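Working notes, structure below.
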Amino acid sequence: MFKKIDHLGIAVENLDEAVRLYRDVLGLKYAGEETVAEQKVRTAFFPVGESSIELLEPTDPESPIAKFLDKRGPGIHHIALRVDDVAQAISALKAQGVRMIDEEPRTGAHGAKIAIIHPKSTPGVLIELCQRDQEV
Ligand code: ZN
């Protein structure tokens, strides 16, 4: 069901500063930024081999990323696993008794269809299911 690690999501306080670090200092390839209004985040993507790094900055104190930063500070926020069909993956996981935050697929950055597994089912790790038609 899982194809690869699609991306690692990293919560940052300041996206512009973080982009300068990852693009200009570390020298990663930069695929641009996008605001995901529904999630109240600005994101920036850096493709690395078969996967990507996604930086996330909250645009609102009510953003899940703002809450994460308050509690834990900047750092790895989630692991996104690529699947062919998010709706099917949700059903398969639920059949195994896995709790989902998203019972239905929703739209993430770069037009991906995503769903998050409830962290009660995967202690200490937030896992996103991610389906996309084209690479970042
Ligand atoms: Zn993500």
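Positions are given from 1 along the sequence. Keep in mind that the numbers below use all heavy atoms, side chains included, and drop hydrogens, waters and symmetry copies. On a predicted model such as this, the values are computed, not experimentally measured, just so you know.
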Q: Decide, yes or no, whether a salt bridge links Glu135 with Arg82 under the criterion of side-chain N to carboxylate O below 4.0 Å.
A: yes

Q.
Could you go through Asp6 and Leu81, starting from their C-alpha distance and side-chain angles, then the distance that decides it, and tell me whether this counts as side-chain contact (heavy atoms from CB on, under 4.5 Å)?
A. CA-CA 5 Å; Asp6 186 87; Leu81 300 175; over 6 Å; no

Expected output: side-chain [X] to main-chain [Y] donor-acceptor under 3.5 Å:
| X | Y | value |
| --- | --- | --- |
| Ser52 | Glu54 | no |
| Asp85 | Gln88 | yes |
| Ser51 | Pro47 | no |
| Thr43 | Leu55 | no |

Would you give the length of the straight line joining atom [atom1] of [X] to atom [atom2] of [Y], rounded to the nearest 0.5 angstrom?
| X | Y | atom1 | atom2 | value |
| --- | --- | --- | --- | --- |
| Ile117 | Glu128 | CD1 | CD | 10.0 Å |
| Cys130 | Ile79 | SG | CD1 | 13.5 Å |
| Arg99 | Ile101 | CZ | CD1 | 9.0 Å |
| His7 | Arg132 | NE2 | CZ | 6.5 Å |

Can you check whether [X] reaches [Y] side chain to side chain, under 4.5 Å on heavy atoms?
| X | Y | answer |
| --- | --- | --- |
| Phe46 | Val19 | yes |
| Thr59 | Val41 | no |
| Asp102 | Ile114 | no |
| Val12 | Pro74 | no |

Q: Any chance you could lay out the side-chain contact (heavy atoms from CB on, under 4.5 Å) test for Leu56 and His78, step after step, and finish with the verdict?
A: CA-CA 10 Å; Leu56 304 128; His78 65 270; 3.6 Å; yes

(Q) Within the supplied structure, the quantity of interest is the number of heavy atoms (other residues, nucleotides, ligands) at a distance under 6.0 Å from Ile116 CD1; does it exceed 12? (A) yes

Looking at every non-hydrogen atom in both residues, tell me the closest pair between [X] and [Y] and how far apart they are.
| X | Y | answer |
| --- | --- | --- |
| Phe68 | Gly75 | CE2-O, 4.1 Å |
| Leu8 | Ile5 | CD2-CG2, 4.2 Å |
| Ser121 | Gly97 | OG-O, 4.5 Å |

Q | Sequence neighbours excluded, every pair satisfying side-chain hydrogen bond (donor to acceptor under 3.5 Å, both in side chains) that has a member inside residues 19-40 | A | Glu33-Arg42

Q: May I have the step-by-step check of side-chain contact (heavy atoms from CB on, under 4.5 Å) for Asp84 and Lys3, ending in yes or no?
A: CA-CA 8 Å; Asp84 285 332; Lys3 304 298 174 189; 2.9 Å; yes

Are [Y] and [X] connected in a single hydrophobic cluster, I mean Ile/Leu/Val/Met/Phe/Trp/Tyr linked by side-chain heavy atoms less than 4.5 Å apart?
| X | Y | value |
| --- | --- | --- |
| Val36 | Leu15 | no |
| Ile65 | Ile76 | no |
| Val136 | Ile10 | no |
| Leu93 | Leu126 | no |
| Met1 | Ile127 | yes |

Q: Walk me through it: do Lys94 and Met100 pass the test side-chain contact (heavy atoms from CB on, under 4.5 Å)?
A: CA-CA 7 Å; Lys94 284 175 70 179; Met100 299 296 302; 3.9 Å; yes

**Q.** Residue pairs, two or more places apart or on separate chains, that pass ring-ring contact (aromatic ring centres under 6.0 Å, His included) and touch residues 102-122
**A.** Phe45-His110

